[in-house]
Amino acid sequence: MISLKNSKEIALMRQAGRISARALQLGGEAVRPGVTTAHINKVIHDYIISQGAQPNFLGLYGFPASACISVNDTVIHGIPSTAEVVHEGDIVSIDTGALYKGWHGDNAGTFVAGTASPEALRLIEVTRQSFYEGLKVAVVGNRIGDISHAIQQYVEANGFSVVREYVGHGLGRELHEDPEVPNYGHPGRGARLVPGMTLAIEPMVNAGGVAIRQLPDGWTVKTKDGSLSAHYEKSIVITANGPVILTDPE
């Protein structure tokens with residue numbers, strides 16, 4: 001069932017979203033050659049705790065860290081490790097969020113360590129822009145499928161592929177709520193967008209083929225062909241005046 005939020009609840013989600021967004025920003029600033037993914041996770045964890053919030057990924061379904069940190073061909077759910085060192089030219093996707101006063105924020109982005117290849121930079125930019133293509137049609141009266149289609153159309157027009165097995169979602173008192181928000185699909189299908197609907201829209205885009213594989217750790221998801229992957233996510237609320245981003249660091 002889709003839970004619609006009132007103005008008081010949305011205000012609390014804005015606070016959770018601000019903490020989530022600032023944590024992501026700080027994690028991105030920590031991405032540089034020579035650091036471990038565990039160090040990036042600690043930066044994020046410590047900031048969220050300092051704000052009187054809880055890292056909502058920590059312990060979720062048994063996940064052992066406060067952020068998913070996914071390097072190069074890892075699509076999502078990379079487990080931070082003291083053994084994983086970031087190298088020059090790597091791209092690092094960070095997915096994290098905060099629980100604040102009972103409400104969740106959720107966001108993700110892909111960052112560059114040093115100087116990345118032109119292909120990597122274009123992948124990151126197309127992934128980011130695909131979110132905004134979806135956001136353009138996240139208006140009252142449209143449907144979830146309109147968002148999904150806009151993302152897929154933009155990504156594929158740029159020669160990349162959209163991950164099918166993992167999707168965006170509603171959020172609020174729970175990190176994962178109805179409805180699911182796929183990054184592919186047909187316009188005019190799915191739940192109708194109404195004011196008070198809160199969504200996490202999160203394109204996951206591969207430079208190569210669409211196929212993925214999961215490692216034996218039960219979490220880490222990689223591209224099957226070893227190609228790079230990027231991730232971009234923000235939490236939003238549907239309003240009568242258009243979509244509003246909740247995960248804003250300011």
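Computed from heavy atoms alone, side chains included, the values below leave out hydrogens, waters and symmetry copies.
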Give a yes or no on whether Glu84 atom CD has more than 12 heavy-atom contacts from other residues, nucleotides or ligands under 6.0 Å away. yes
Residue pair Ile79 / Pro64, side-chain heavy-atom distance below 4.5 Å: yes
Nearest heavy-atom pair of Ser130 and Ile151: which atoms, and what distance? O-CG1, 3.3 Å
Got a second to check how far Asn56's CG is from His176's NE2, nearest 0.5 Å? 8.5 Å
I'd like to know if Tyr232 and Val155 are part of one continuous hydrophobic network [Ile/Leu/Val/Met/Phe/Trp/Tyr, side-chain heavy atoms within less than 4.5 Å]. yes
Please tell me if the side chains of Val181 and Val167 come closer than 4.5 Å, counting only heavy atoms from C-beta onward. no
Apply side-chain contact (heavy atoms from CB on, under 4.5 Å) to Asn183 and Val163, showing your working. CA-CA 8 Å; Asn183 298 304; Val163 172; over 6 Å; no
Rounded to the nearest 0.5 Å, the CD1 atom of Ile238 sits from the CG atom of Asn142 at a distance of 9.0 Å
With hydrophobic residues grouped by side-chain heavy-atom distances under 4.5 Å, do Tyr47 and Val31 end up in a single group? yes
Close side-chain approach of Thr127 to Thr110, heavy-atom, < 4.5 Å: no
Nearest-0.5 Å distance that lies between atom CD in Glu233 and atom OG1 in Thr96: 10.0 Å
Shared hydrophobic cluster, Val237 / Leu199 (ILVMFWY, side-chain heavy atoms < 4.5 Å): no
Look up atom CG in Leu215 and atom OG1 in Thr220, then write down how far apart they are to the nearest 0.5 Å. 5.0 Å
Note: Gly52 and Tyr100 closest approach over all heavy atoms is O-CD1, 4.0 Å
Donor-acceptor check, side chain of Asp248 to backbone of Glu250, threshold 3.5 angstrom: yes or no? yes
The test is ring-ring contact (aromatic ring centres under 6.0 Å, His included); show your working for Tyr166 and His77 and say whether it passes. CA-CA 11 Å; Tyr166 298 92; His77 299 164; 5.5 Å; yes
Does a donor on one side chain and an acceptor on the other come within less than 3.5 Å for Ser93 and Ser70? no
Side-chain H-bond candidate by donor/acceptor type, Asn241 with Thr239, under 3.5 Å: no
Stepwise, does the side chain to side chain donor-acceptor pair (under 3.5 Å) test hold for Arg18 with Gln15? CA-CA 5 Å; Arg18 182 196 63 78; Gln15 294 181 60; over 6 Å; no
Would you say that His87 contacts Val71 through its side chain, given a criterion of any heavy-atom pair below 4.5 Å between the two side chains? no
How about Lys222 and Thr74: does a side-chain donor come under 3.5 Å of a side-chain acceptor? yes
Measuring from atom CD1 of Ile212 to atom CD of Gln214, what distance do you get when rounded to the nearest 0.5 angstrom? 8.0 Å
Would you sort out whether His231 and Ile76 count as a side-chain contact (heavy atoms from CB on, under 4.5 Å), showing the intermediate values? CA-CA 8 Å; His231 189 187; Ile76 51 171; 3.7 Å; yes
Judged by atom type as modelled, is there a donor-acceptor pair below 3.5 Å linking the side chain of His104 to the main-chain atoms of Leu171? no
Does the side chain of His45 pick up a donor-acceptor pair with the side chain of Ser66 at under 3.5 Å? yes
Looking at Ser20 and Thr247, would you say the former's side chain and the latter's main chain have a donor-acceptor pair under 3.5 Å? no
State, to 0.1 Å, how close Gly105 and Ala16 come at their nearest heavy-atom pair, and which atoms those are. N-CB, 3.8 Å
Side-chain donor-acceptor pair under 3.5 Å between His169 and Asp178, yes or no? no
Do Thr198 and Met13 come within less than 4.5 Å of each other through their side chains, counting heavy atoms only? yes
Under a 4.5 Å cut-off applied to non-hydrogen side-chain atoms, are Val244 and Arg14 in contact? yes
Do Val221 and Arg213 touch side chain to side chain, with heavy atoms closer than 4.5 Å? no
What one should report as the nearest heavy-atom pair of Asn206 and Ser227 is CB-OG, 4.3 Å
Okay, side chain of Asp146, backbone of Arg143: is any donor-acceptor separation there less than 3.5 Å? yes
Residue pair Tyr154 / Phe131, side-chain heavy-atom distance below 4.5 Å: no
Within this structure, what is the CD1-CD1 distance for the pair Ile236 and Ile245, rounded to the nearest 0.5 Å? 8.0 Å
Gln152 side chain vs Gly185 backbone, donor-acceptor pair below 3.5 Å: yes
For Val162, is there any backbone N or O sitting under 3.5 Å from a side-chain donor or acceptor partner on Arg164? yes
Taking the side chain from Ser235 and the backbone from Asp106, do they hold a donor-acceptor pair closer than 3.5 Å? yes
Tell me if a side-chain donor or acceptor on Thr223 pairs with a main-chain N or O of Leu228 at a distance below 3.5 Å. no
Is there a donor-acceptor pair under 3.5 Å between the side chain of Asp225 and the backbone N or O of Gly208? no
Salt bridge check, Glu177 against Lys5: does any charged N sit closer than 4.0 Å to a carboxylate O? yes
Heavy-atom closest pair, residues Phe63 and Gly78: CZ-O, 3.8 Å
Hphob cluster co-occupancy, Phe57 + Ile94, side-chain heavy atoms under 4.5 angstrom: no
Yes or no on side-chain contact (heavy atoms from CB on, under 4.5 Å) for Val112 and Val92, after CA distance, side-chain angles and deciding distance? CA-CA 6 Å; Val112 173; Val92 180; over 6 Å; no
Minimum heavy-atom separation for Asn107 and Lys234, please, with both atom names. CB-CA, 4.4 Å
Val140, Ile144: one ILVMFWY side-chain cluster at the under-4.5 Å cut-off? yes
Verify, without hydrogens or angle tests, whether Glu9 (side chain) and Asn6 (backbone) share a donor-acceptor contact under 3.5 angstrom. yes
Under the criterion side-chain contact (heavy atoms from CB on, under 4.5 Å), I'd like the reasoning laid out for Ile124 against Ile91: C-alpha separation, chi angles, the key distance, then a yes or no. CA-CA 9 Å; Ile124 292 169; Ile91 66 170; 3.8 Å; yes
Whether Glu125 and Arg122 form a salt bridge (side-chain N of Lys/Arg under 4.0 Å from carboxylate O of Asp/Glu) is what I want to check. no
Quiz question: by atom type and distance under 3.5 Å, do the side chains of Glu29 and Gln25 form a donor-acceptor pair? no
